[in-house]
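Below: the structure, in structure tokens.
Excluded from the calculations below are hydrogen atoms, water molecules and symmetry mates; all remaining heavy atoms, backbone and side chain alike, are included. Just so we're on the same page: letters track the sequence lines, and every chain starts at 1.
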Protein chains: 2
Amino acid sequence: MAEFQGGENLLFLTDEQLRQGIEAMFFAYRGFTADPDRILATLAYGRAHHRAIHFISRSPGTTVNNLLAILGVTKQSLNRVLRALVEDGLVDSRVGKSDKRERHLYLTEEGEALERKLSDAQRARMRAAYRAAGPQAVAGFRQVLKAMMDPDMRRRYYAIRETDT
Amino acid sequence: MAEFQGGENLLFLTDEQLRQGIEAMFFAYRGFTADPDRILATLAYGRAHHRAIHFISRSPGTTVNNLLAILGVTKQSLNRVLRALVEDGLVDSRVGKSDKRERHLYLTEEGEALERKLSDAQRARMRAAYRAAGPQAVAGFRQVLKAMMDPDMRRRYYAIRETDT
DNA sequence: TTGGAATGTCAACAAAGCTGACGTAATGTG
DNA sequence: CACATTACGTCAGCTTTGTTGACATTCCAA
């Protein structure tokens, strides 16, 4: 793939086209987070809580260290968020069986309810965008996003996905 | 366009597919901002400064109010950023001719130098992603991003683009 | 001439990131 | 077994970037 060269086919790599892509990314990301943000604001939670909830929901029983690697924040920052979620009864933190230093994280029923509420909102927008653009566009969208990630993040992420999808 | 229904063509709208799109968006956005962030960190500036510089560069002479509408932040927040940029000699704020309440914003030479440095880094990543994915994928990418924006942002943005592109 | 719009600024605060330091428990290694 | 390392939590302090609310100035327009 990616076989194209010369002439018109390179027009989409002009600085102007790239700038438009950059701006589209900025505005789309704002739209992408807008709906969950509105819900979170009513609950005294923020985007950081959403991210934690999302990835715990995706990989129940994940450890704190795993989460740190995926989210790319410091443990102090994540800990602040997790503490709130545990105190509020949205997340359950269980000592590891084989390795008792680890904490395995699970959503409680209440946590799953919030997760559903948040991701329903986000998926609704995603679904609308996918539907408006069509399957071919979606395939391209995913390709470009994948290529835009940091290489090691891409490797790690797609490695995980192959094992659990 | 967007004519498809039933059967396999809807597979790309499963919750699992949507979730993967959501995560790809998260990781890609991080990659998208990583390079400029590294440059900004060496200069005691942040993403907010980058955004202001970007949109002033894109529309020289834009007013503070225009910028507020595009960036979607409060004037206090933007003002803090603009003040720093003006004090550091990166941005020139000129009183409007017809309406002297307005300030028209321009990048100084130094400001344009930084803009180039930042957007070169960001464009390099964008270009690499575009090149890896190919023109068709890029078209789809842009379509999906456009559909993901807030409707009024989309309207405003694409309206502006039609006039000055 | 007066009301309202555009701008700037002060103060106070919150979310969410960071560094650095320290403690504890559990595990791995020599 | 002794010791180093790992996983996690926590305290303190700082930064960036957002928020409200209040208020002054300038100036256009009715």
message: I'd like to know if B/Arg103 reaches the base of C/dT7 with its side chain such that a donor and an acceptor end up less than 3.5 angstrom apart.
response: no
message: Closest-nucleotide mapping onto DNA chain C: is A/Ser77 or A/Ser98 further toward the 5' terminus? I mean the 5' end.
response: A/Ser77
query: Of the nucleotides D/dC8, C/dT9, C/dT7, which one has an atom closest to the side chain of A/Thr63?
result: D/dC8
message: Output the rounded distance in Å from CG (B/Leu82) to C1' (D/dG18).
response: 15 Å
task: Would you please confirm or rule out a distance under 4.0 Å between OP1 or OP2 of C/dG17 and any side-chain N or O of A/Arg51?
output: yes
statement: Rounded to the nearest 0.5 angstrom, the CG-CE distance for A/Leu13 and B/Met126 is 11.0 Å
- prompt: Do B/Arg101 and C/dA5 share a donor-acceptor pair, side chain to base, under 3.5 Å?
  reply: yes
message: Determine whether A/Asp15 and B/Arg123 satisfy the following criterion, salt bridge (Lys or Arg N to Asp or Glu O under 4.0 Å), listing intermediate values before the conclusion.
response: CA-CA 7 Å; A/Asp15 280 359; B/Arg123 273 200 300 261; 3.5 Å; yes
- prompt: So, is A/Asn65 near the phosphate of D/dC8, with a side-chain N or O under 4.0 Å from OP1 or OP2?
  reply: yes
- prompt: Has the side chain of B/Lys75 got a donor or acceptor atom sitting under 3.5 Å from an opposite partner on the base of C/dT7?
  reply: yes
- request: Figure out the CD/C1' separation between A/Glu87 and D/dG9, and round it to whole Å.
  value: 13 Å
- prompt: Phosphate oxygens OP1/OP2 of C/dC18: is one of them under 4.0 Å from a side-chain N or O of A/Thr74?
  reply: yes
- request: Under 4.0 Å between any heavy atoms, over every strand shown, what does B/Gly96 touch: base, sugar-phosphate, or nothing? Just pick one.
  value: nothing
task: Have a look at A/Tyr29 and tell me which of B/Phe27, B/Phe26, B/Tyr29 forms a ring-ring contact (aromatic ring centres under 6.0 Å, His included) with it.
output: B/Tyr29
- prompt: Under 4.0 angstrom, heavy atoms only, what part of the nucleic acid is B/Arg80 near: base, sugar-phosphate, or nothing?
  reply: base
- prompt: In whole Å, what is the span from the CG atom of A/Leu68 to the P atom of C/dC18?
  reply: 10 Å
- line: On DNA chain C, more 5' by nearest nucleotide between A/Ala44 and A/Gly72 is A/Ala44
- prompt: C/dT27 P sits how many Å from A/Lys97 NZ, rounded?
  reply: 14 Å
task: Kindly point out which of D/dC27, D/dT19, C/dG8 is positioned nearest to the side chain of B/Asn79?
output: C/dG8
field: Options D/dC27, D/dG18, D/dC8, nucleotide nearest the side-chain atoms of A/Glu102
entry: D/dC8
- prompt: Nearest to the side chain of B/Gln76 - D/dT20, C/dG20, D/dA7?
  reply: D/dT20
task: Could you check how far CG of B/Leu78 sits from P of D/dT20, rounded to whole Å?
output: 15 Å
- request: Send over the distance from B/Arg47 CZ to D/dT15 C1', rounded to a whole Å.
  value: 14 Å
- request: Determine, step by step, whether B/Asp35 and B/Arg38 satisfy the salt bridge (Lys or Arg N to Asp or Glu O under 4.0 Å) criterion, reporting the C-alpha distance in whole Å, the side-chain angles of both residues, the deciding distance to 0.1 Å, and the verdict.
  value: CA-CA 5 Å; B/Asp35 301 325; B/Arg38 264 188 290 275; 2.6 Å; yes
- prompt: Taking the side chain as C-beta and beyond, is there a heavy-atom pair between B/Leu71 and B/Phe55 under 4.5 Å?
  reply: yes
message: Quick one: does any side-chain atom of B/Asp99 pair with a main-chain N or O of B/Arg101 as donor and acceptor, under 3.5 Å?
response: yes
query: Side-chain N or O of A/His49 less than 4.0 angstrom from OP1 or OP2 on C/dA16?
result: yes
task: To the nearest Å, give me how far apart CG (B/Asp37) and P (C/dC18) are.
output: 12 Å
message: So, does A/Arg83 get its side chain near the phosphate of D/dT10, meaning an N or O under 4.0 Å from OP1 or OP2?
response: yes
message: Output the rounded distance in Å from NZ (B/Lys100) to C1' (D/dA29).
response: 15 Å
